[in-house]
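Shown next, in structure tokens, is the structure this report addresses.
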4 protein chains.
Amino acid sequence: MRERLRIAVLGASGYTGADLVRLTLGHPRLEIAALAGNARAGQAMGEIWPHFAAHPGLPRLERTDAIDFDALDIVFGCLPHAAGAELLAGIRGARVIDLSADFRLQDAAQFAEWYGVPHPAPHRLAEAVYGLTELRRAALGSARLVACPGCYPTAALLALLPLAEAGAIAPDGIAIAALSGVSGAGRGLKEANLFCELAESASAYGVGRHRHMPEIEQELGRAFGRPVRVGFTPHLVPMSRGELLTVTVTLAGAAPGDLREILAQRYAEEPFVHLLDEGRAPSTAMVRGSNHCVLAVFADRVPGRALVLAAIDNLVKGSAGQALQNLNAMAGWPETLGLEAAPLFP
Amino acid sequence: MRERLRIAVLGASGYTGADLVRLTLGHPRLEIAALAGNARAGQAMGEIWPHFAAHPGLPRLERTDAIDFDALDIVFGCLPHAAGAELLAGIRGARVIDLSADFRLQDAAQFAEWYGVPHPAPHRLAEAVYGLTELRRAALGSARLVACPGCYPTAALLALLPLAEAGAIAPDGIAIAALSGVSGAGRGLKEANLFCELAESASAYGVGRHRHMPEIEQELGRAFGRPVRVGFTPHLVPMSRGELLTVTVTLAGAAPGDLREILAQRYAEEPFVHLLDEGRAPSTAMVRGSNHCVLAVFADRVPGRALVLAAIDNLVKGSAGQALQNLNAMAGWPETLGLEAAPLFP
Amino acid sequence: MRERLRIAVLGASGYTGADLVRLTLGHPRLEIAALAGNARAGQAMGEIWPHFAAHPGLPRLERTDAIDFDALDIVFGCLPHAAGAELLAGIRGARVIDLSADFRLQDAAQFAEWYGVPHPAPHRLAEAVYGLTELRRAALGSARLVACPGCYPTAALLALLPLAEAGAIAPDGIAIAALSGVSGAGRGLKEANLFCELAESASAYGVGRHRHMPEIEQELGRAFGRPVRVGFTPHLVPMSRGELLTVTVTLAGAAPGDLREILAQRYAEEPFVHLLDEGRAPSTAMVRGSNHCVLAVFADRVPGRALVLAAIDNLVKGSAGQALQNLNAMAGWPETLGLEAAPLFP
Amino acid sequence: MRERLRIAVLGASGYTGADLVRLTLGHPRLEIAALAGNARAGQAMGEIWPHFAAHPGLPRLERTDAIDFDALDIVFGCLPHAAGAELLAGIRGARVIDLSADFRLQDAAQFAEWYGVPHPAPHRLAEAVYGLTELRRAALGSARLVACPGCYPTAALLALLPLAEAGAIAPDGIAIAALSGVSGAGRGLKEANLFCELAESASAYGVGRHRHMPEIEQELGRAFGRPVRVGFTPHLVPMSRGELLTVTVTLAGAAPGDLREILAQRYAEEPFVHLLDEGRAPSTAMVRGSNHCVLAVFADRVPGRALVLAAIDNLVKGSAGQALQNLNAMAGWPETLGLEAAPLFP
């Protein structure tokens, strides 16, 4: 293996791609060989992004079709769903880490149902590794195509999978209330994304039907050993980054303290997943800009139920950071490489 | 009855008291006779509050014990819980509208359990009218002591009571996820209330145990005809005003569309409660600064459940506005008097 | 005159037009006869705006060319510059209050220079009354066409004109630093207006060349009796509403206390312009949502200079509120009609 | 010299101290030997700060008098002015980097005038190096006591000193308008620092008299070779971090392009000071969380004047980052060590 891996980021003009570039600048063993973004091809990152105005050394954006993929070790896909799947599926030399939704669902029909288009490359689905690093790292060492989980599923599954696998919670009755910063909506020019529409306002969206549902259900279903349905209601709150999930679960014989214990043991050696001290509730300020996930468990007011809470930075652990963590696992490096920075607060 | 009622506001140096003063300025039949705030006695409202800097005509704050209650028609209590209960309970001439938690719970023992102090005036509890205007207005005409509901209970009960009374939802399994602006935490000098601690951050608090729980349970219990327990998790989000509730309910034979229909009929004539068009989710921007409550119903992803959503301005419909609405009902005036202003957006 | 004047708002899908509608709802002598917005024609205000979701009684938007202008008393123009000038210039029956930049500059060549297009209706320029109410109300009674000042010029001129007229400040050396909320940039779909681009960020824009410069210079030039040039640097800060100006002026023989005295006398009877107590600095929180302007004067650190500060709500006193104040003056009504509401805080 | 220097941070419960700890975690040659904060002694950083909740390895806070200063290489003072001066002045073994205002002004009488107390250790003033790294690094190698500049002076002096030294601007007529995030006000429990008081609001403060004035004047006076007075008006805007200065200067024969050229040459080799492309205005988003300073020059509307703009993160380049940069210079290390991270955006 080379001393430094040569990477490309497709979609470097979006928030996810840009955060990947930001993190990559602090990674000692990566070299950015190419940045792509068709609509902005020819522009410098410092023109497209304020935070790169003082980082003139980055490559200019180029068109995706101008990239020599054979000269690369790793290709990161940060494109909208369905936009890059065919291209990524055809890459042979480089290993692919996709941050879009394209290779997360294993069932092409389900993809078509939730995303409204036929899957562009169904033949690669079986092979794609669902890159929730903490729970799939065994498969990453040899993976050629990694599908990074969605931001909400990352938090939900880190909170719930160990509990489901341990049989401590029931598969039915799960209700997830999620709060998200605005960057999750992307950099698209929509009225709903304007500052004045969002400041001093909280709203629910995708109520009863959000594209991250089937992804959560797919992975929880594996853990429970049978199909499950989860309630999931995301809310948009006036901040740029951060995601907070409060999950109501039905206890399966266990007590809330047992849930704590299961999570404590499961994540004892994990550098990025932290169970908070008993009685302390998560805040997105605990993770902003970092790859951390913080978890907590509380007894619910309703007997027989518990509350599991999780906070992540949607652009880092929920996207670009986890992608880099996956790369580290794929390369056999320490998973924390380039991801050690503490959160930024205030 | 006098052409203008003479009112006093106890606690005019807090957010709730100040918003009551703001609304009162637009009410044609009220005269502010006295404003009280012991810690700020002697100061002008324009010194204490930026938004009254250009409203020099308001009375200066005085000490509570300097007020001649016999010269008043209405006393509004905007003091912290337990701080004003004894005083308010002893007022004889004026009618009392209390915005604190003191007279909401009918059971003094429950008050002591949740608020950590013995109830200061248990003998008045039986008489206090729980002032959720839309659902108790019949009792307001002759009320001498009105306990305005908490902000979260206001939104929760407007969403749930008609459904409970109609038997359309089950008493068990209710899970409320609530988002609140920071003003709900008051103007106290706590590190947790500082700008830098809250900006760009979302957090949960009071998880599993929040003082608004027993109040919601008391009123839902009446409607269901038996004791209930509700899950309720409040979250703090970086905005000043507004409250958004997403309630997961278990259907009792009904379909989500039935829930819509029940709410539509129940609130058809109400000036301040609005059921949104099907498929539209509430946002606190719909109500900021106004006495409105907006509601919506969605089918949940989990069969047999539904989602009921509600948004209010915590300081208006959740507090000062509802207090004024109660006053209008007590005085036999149109309930909208002084409360007609549209929300402020952006 | 009719009991209620029939008005139309052209551009009701923009922030200015919407705030005019909001204020109009609280005005006792206006009737909204028509709302126009070509791109949204057919839609209800409650679909276009969150804060009208609970105000279903408003007219739907229609196309401008569908409006019967002969049936109207007043037409408010809230369109982008140059977009409505020709139409407005051709209206004969109704009186026109234009909130755009089109009729502010008296010199068509100057308009062309700063706005990049020939003036669409130069023949009406001489007749247009520059609607800075406090300083031009004598001309409003008979005005057929009123050009409401820009938001920055409103604050700048309220602060400076009395001082210039009194000869207390020098025409040279004026430097205006302005801070503005984001709503001043309008509701257009530009990347720069997205929440994530603006939150937690302050920036300067239009540095050295902003379209409000010639307008300020035109009016100051009249007061000084000779052409002037002013430095003016606007900054964008992460809030929706509000404008704060800090103006460095060179004293012409006067002392800072003299400036205070001039402003105090000039605005003693004005309902919307308030000189703050000595030593108190303006904040936009003092005026949010209201038609107030607050002013202050300080000695500068540099001898021979002073600082004059002003805060307004850019959408109210800086736009829709002043337009309504102008209407009141045109109709011979109290200028405060419909504008009495106190600011919203927090 | 040791492989790793042992440092202590006095005042680790304040924003400046915490940001120093955050940055130190990414510095390869520092070891945090002690963290002090008397009011919080005994507590873990993860209890005091959200962003350290997932960083359990940090030392607990201890009382200042419990620290063995002889075992340290470097002591960082992050205490309020006058609180730590005597202690710091008495430290003999370790080198001291003070982030407070105590050793910035060389004249003890001036300190007393502006800070309202006699200087606690005037005998060390002559020796203290004013740690504006880019302009004083020659003196840092042997410095025992470094006084880090204030946040506003850092930005102002980086923008102005090279121009003053080159004789390109006049010493008179300087007017600085500054915008600052709230963290500059510290973590103290003041009503003015509460979220609800600051959100959606911009205000001026310290108008005509701010403690950073004499510091700016002291350093500019050195450069100009004679005493100067500068106008300086800071404004508080609703964001946590970031500082933006717009400085109006009078040209001394030079053209605005000359100013650009002077800055370009002066900072060509500096890793943290960047002149933006012509026509581009600074934004604090360009520097958030990083040690960068971005600069720009524009022609002013008023002939003979120019505008120089600067943006920094007040907690990093304006405080903790510059302190670390100074440490690097003192130790003979690359100045960028531990400070390479790109800004966080959005």
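Below, all heavy atoms of this structure are taken into account, side chains as well, without hydrogens, waters or symmetry copies. A note on names: the letters A, B, ... follow the listed sequences, proteins ahead of strands, and every chain is numbered from 1.
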Residues 243-251 of chain C vs chain D, non-hydrogen distance cutoff under 4.5 Å, contacting residues -> C:Leu244, C:Thr246, C:Thr248
[X] versus chain C, the contacting section by heavy-atom distance below 4.5 Å:
X	result
D:Phe345	side chain
D:Val237	side chain
D:Val230	backbone
D:Ser240	both
D:Pro238	both
D:Leu236	neither
D:Ala199	backbone
D:Ala299	backbone

Among [options], single out the residue with the greatest number of heavy-atom pairs under 4.5 Å to chain D.
options	answer
C:Pro346, C:Ser201, C:Ala204	C:Ser201
C:Ala285, C:Cys196, C:Ala177, C:Ala281	C:Cys196
C:Glu197, C:Met239, C:Arg241, C:Met286	C:Met239
C:Gly304, C:Pro282, C:Gly279	C:Pro282
C:Asp172, C:Thr233, C:Val228	C:Thr233

C:His235 side, atom NE2; C:Ser203 side, atom OG - distance, nearest 0.5 Å =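 Between C:His235 NE2 and C:Ser203 OG, I get 8.5 Å after rounding to 0.5 Å.
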request  = To the nearest 0.5 angstrom, please state how far the OG atom of D:Ser283 sits from the CD atom of C:Glu200.
outcome  =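 Here the interatomic distance stands at 11.0 Å.
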Residues D:Ser290 and D:Asp313: closest non-hydrogen pair is O-CB, 3.7 Å
query = What ring-ring contact (aromatic ring centres under 6.0 Å, His included) pairs are there with at least one residue in residues 275-320 of chain D, not counting sequence neighbours?
reply =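 Passing the test, one end in residues 275-320 of chain D: A:His55-D:His292, D:His274-D:His292.
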| request: Side chain from CB out, backbone as N, CA, C, O: work out which of these in C:Ile174 comes under 4.5 Å of a heavy atom of chain D, or both, or neither. | output: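 It is the backbone, since no side chain atom gets that close.
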_Whether D:Tyr115 and D:Phe111 hold their rings parallel, tilted or perpendicular, with breakpoints at 30° and 60°_ =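 The rings of D:Tyr115 and D:Phe111 lie parallel, inter-plane angle below 30°.
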